[in-house]
Structure formats: structure tokens, C-alpha cells
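Below is one structure; the comments refer to it alone.
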Amino acid sequence: MTQMNKQIIMKTRPVGMPILDNFEIKESPIPEIRHGEVLIKILWLSLDPYMRGRMSSAKSYAASLNEGDVIVGGAVGRVIETKSPDYDKDDIVEGFTLGWQEYAIANPSSIRKVDPSLAPIQTAVGVLGMPGMTAFFGLLHVGKPIPGDTVVVSAASGAVGQLVGQIAKIGGCKVVGIAGGKEKCTFLTDTLNFDAAIDYKNENIDEKLREYCPEGINVYFDNVGGKITDAVINQLANYARVAVCGVISQYNLTEPEPGLRTHRSMLTNQATTEGFLVFQFAQKYHIGMKRMARWIQEGKIKYKEDVVMGLENAPSAFIGLMNGKNFGKLLIKVAE
Ligand code: NAP
Ligand code: FER
């Protein structure tokens with residue numbers, strides 16, 4: 001009997017905030033794998049904000065999805081059939097393009113092996129994967145903090161933000177996180193030992209930044225853009241570095257949002273703004289992975305995951321990610 005594969009496709013291209021009707025579950029038979037390929041049973045899906053960009057037709061580093069395509073995204077799975085000399089049955093693997101489906105056929109060049117003895121396997125799409133490398137290299141190579149600096153990070157309880165703040169603390173910085181809601185803020189100060197947290201939904205960001213960063217902000221790790229970023233840019237210190245990691249507040253806009261003119265602050269503070277994509281550090285990932293794994297083992301880095309059960313719940317969880325419903329790295333558990 002042919003084995004069937006459940007997949008989630010982009011039924012219609014989202015306009016603005018995605019809605020459930022943009023997605024559809026489909027079943028199709030799994031084709032025979034060809035020489036060199038492996039068949040993977042997906043265990044965990046990684047839901048990431050960049051995937052909203054793939055659902056749009058705008059030009060990007062990666063090809064856009066077309067209507068009817070399986071949603072492409074990172075995942076961790078187990079090899080259940082192999083025609084590749086490099087992979088054995090039962091190997092655990094991670095791939096950036098495996099997608100929202102129960103089974104994926106992959107070419108070895110698009111996957112990597114995961115060592116299950118190092119940490120729980122889903123960390124391969126979290127703290128020991130793309131978001132972890134984003135935090136590590138984005139903060140250290142782009143933000144360039146030095147001990148004693150005041151570091152502000154937005155979307156601070158999320159997959160990337162929670163790690164940025166902890167790495168900055170390890171580096172001897174004062175860390176202020178910005179997040180939506182009291183629960184997230186309490187987690188930042190009480191569990192992750194951030195020096196302060198600002199609940200941008202209920203507190204005055206300008207006032208709180210002045211209170212917590214009296215000498216100005218040396219490093220801003222920006223995950224959100226928009227009004228939060230305007231407030232931070234207004235309180236930069238001399239020679240500040242702004243690491244532009246993401247602008248999630250803009251991903252679902254249909255019209256550009258008018259904003260602050262930032263150049264005066266950049267000029268008078270002799271500050272630097274630098275955008276980056278994690279992939280530019282790919283040659284150095286092995287260094288970041290080793291260091292992050294050691295910090296986890298030493299108890300210096302904690303990571304909070306938000307696990308949603310079942311492939312069919314990926315669309316609603318993704319919409320939640322765009323609305324701040326997730327608390328920590330958002331994962332879908334697809335199978336054991
Ligand atoms: P995440 O922080 O775990 O989840 C997204 C969070 O963004 C939400 O939980 C929400 O937190 C916040 N958010 C959503 N809409 C917002 C809005 N309108 N204004 C302010 N905050 C909003 O996601 P992540 O995976 O760690 O990604 C964080 C950022 O990093 C994203 O912008 C992403 O695109 C970027 N990123 C960039 C790279 C790169 O290579 N440059 C790599 C990975 C990720 P609150 O409840 O706190 O609002
Ligand atoms: C992200 C946001 C944007 C991300 C990548 C991009 C890997 C790239 C966008 C583009 O090239 O247009 O979170 O993560």
C-alpha cells in the first residue's frame with residue numbers, strides 16, 4: 001500500500017495578517033526516493049517570522065511560495081529510508097526547507113545530522129540552530145557589546161531575544177528587554193536575570209527607557225522595528241550600535257508605516273546601524289554552536305520553548321506568532 005503524506009499548503013497568498021483560510025491540509029502519496037535521497041519522518045516543525053516573507057511575492061533571498069505549494073520551513077526529523085551513503089536509517093536530521101508535512105524527501109546537501117546526545121533534538125531549530133546563531137553572531141559581531149554596556153533587545157522573550165539578553169549578561173552588560181505583557185516581562189527579570197524589562201503594551205516606553213538606561217543605550221538588538229525602535233533610537237548613547245535583526249511589526253503591513261527620521265540621532269551620537277542575515281555567518285556556525293552548547297551545559301543559558309501539538313495546528317500557531325501569542329521558541333510537535 002502506498003504511504004500517504006499529510007501536507008499543509010498555501011491555498012491563497014495572505015494579504016496583511018495571515019488568516020486560517022490562507023492554508024489548507026492536503027494528502028498525497030509519498031513518491032519513491034531516488035538515488036542519493038533520504039526519506040524523513042518529520043518530528044518537529046520550526047515556525048519562524050521570516051516565513052511570512054516567503055508567503056509574500058516580494059523579492060527576497062529565498063524564492064516566494066506560490067499558491068498550492070507546501071509551506072517551506074525548518075524541521076527536525078528521523079531518516080526512515082535512505083539511498084544516500086552519508087545517511088543511515090534512524091539518523092536525526094535538521095533541514096531548513098523540509099516543510100509543513102509528515103514526511104519529506106531530501107537531498108543530503110539540504111540537511112545536517114543532529115547529535116541527540118547533545119541536547120533535546122528540537123534545539124536544532126532553536127538555541128542550537130538558526131535562532132541561536134542569529135542571537136550569537138548578531139549580538140557579538142554586529143552589536144559588538146563590551147562589558148558595562150547597556151544592551152536593549154526587543155521581542156525579548158522570543159526565540160532570538162531571550163538568547164540575546166542572556167549572552168549579553170554573560171558578557172558583563174546591563175540588559176533591558178522589551179516584550180508584550182507582564183508575564184513575559186516577569187520571566188525576563190526573574191528567570192533570565194535581565195536587569196529590567198519593559199512591557200510595551202502597558203508601560204510608557206520612553207519613560208521606562210530613561211529610567212533603566214540613564215546613560216543611554218550602547219547596543220540595540222532590534223527584532224521588531226516600528227514605534228518601539230523609534231523610542232530606542234531616541235535614547236542612544238554615543239557610538240551606539242543598532243543591530244537590525246528583524247522588523248516583525250512591519251511584516252503584515254499592506255502600506256508602509258510612517259516613522260521617525262532617525263538620521264539626526266545617528267549623526268549626533270556617531271552611531272551605526274547594521275542589518276544582518278544569519279546566513280552571512282554560516283562559515284562560523286560551528287564556533288557559535290559549540291559555545292552555545294557549553295553555556296547550556298553550564299546552566300548559563302536557559303531556553304523557553306512554546307510547543308503546539310499536531311501538524312494541523314501549524315497555521316493557527318503561525319498566525320499567533322505574528323500576534324505575540326507565542327511565549328518562547330515556537331515549535332510544532334508533529335510525531336514522536
Ligand atoms: P519570536 O520573538 O519568538 O516571536 C515573535 C515575537 O515578536 C512575538 O512573540 C511578539 O512578542 C513579537 N511581535 C509580534 N508582533 C509585534 C509587533 N507588532 N510589535 C512588537 N513586537 C511584536 O520570533 P523569533 O524567531 O525570535 O524572531 C524575532 C525577530 O528576529 C523577527 O523579526 C525575525 O524576523 C528576526 N530574525 C532575523 C534573522 C536574521 O537572520 N536577520 C534570523 C532569525 C530571526 P511580544 O509579545 O513581546 O510582542
Ligand atoms: C528573518 C527575516 C528576514 C530572516 C530572514 C529574513 C532568517 C530575510 C529576508 C529577505 O531576504 O528578504 O527573520 O530569518
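Every number for a ligand or one of its atoms is a count from 1 in the order of the listing. Each residue takes its place number in the sequence, starting with 1.
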Counting each atom of ligand 2 from 1 as listed, which ones have a heavy atom of Y251 under 4.0 Å away? 2 (C)

Can you pull the ring pair (Phe, Tyr, Trp, His ring centres under 6.0 Å) pairs that have at least one residue in residues 163-185, sequence neighbours excluded? none

Residue and atom name of the nearest protein heavy atom (relative to atom 12 (O) of ligand 2), distance in Å to one decimal: S60 OG, 3.3 Å

What orientation do F318 and F23 show, parallel under 30°, tilted 30 to 60°, or perpendicular over 60°? perpendicular

Starting from atom 4 (C) of ligand 2, locate the nearest protein heavy atom and write down its residue, its atom name and how far away it is, to 0.1 Å. Y50 CB, 3.2 Å

Do me a favour and list the nearest non-hydrogen protein atom to atom 11 (O) of ligand 2 with residue, atom name and distance? Y61 CD2, 2.8 Å

Among all protein heavy atoms, pick the one closest to atom 6 (C) of ligand 2 and tell me residue, atom and distance. L277 CD2, 3.5 Å

Do you know the tightest heavy-atom contact between N5 and Q7? ND2-NE2, 3.5 Å

For ligand 2, which part of D48 has a heavy atom less than 4.0 Å away: the side chain, the backbone, both, or neither? neither

Which heavy atom of T150 sits nearest to which heavy atom of C213, and what is that distance? CG2-SG, 3.8 Å

Per the under 4.0 Å non-hydrogen criterion, ligand 1 touches P49, M130, T134, A155, G158, A159, V160, A179, G180, K184, Y200, N223, V224, I228, C245, G246, V247, I248, S249, Y251, F276, L277, V278, L321, M322, G324, N326, G328

Any side-chain to backbone donor/acceptor pair from D306 onto F327? Under 3.5 Å, distance only. yes

Close side-chain approach of L139 and P145, heavy atoms under 4.5 Å: yes

Heavy-atom check, side chain of K83 versus side chain of L39, under 4.5 Å: no

Which of the numbered atoms in ligand 2 are under 4.0 angstrom from any heavy atom belonging to F279? 7 (C)

Would you call the rings of W295 and F136 parallel, tilted or perpendicular, where under 30° means parallel and over 60° means perpendicular? tilted

Is there a ring-ring contact (aromatic ring centres under 6.0 Å, His included) between F194 and Y212? Walk through the geometry before answering. CA-CA 11 Å; F194 284 27; Y212 299 141; over 10 Å; no

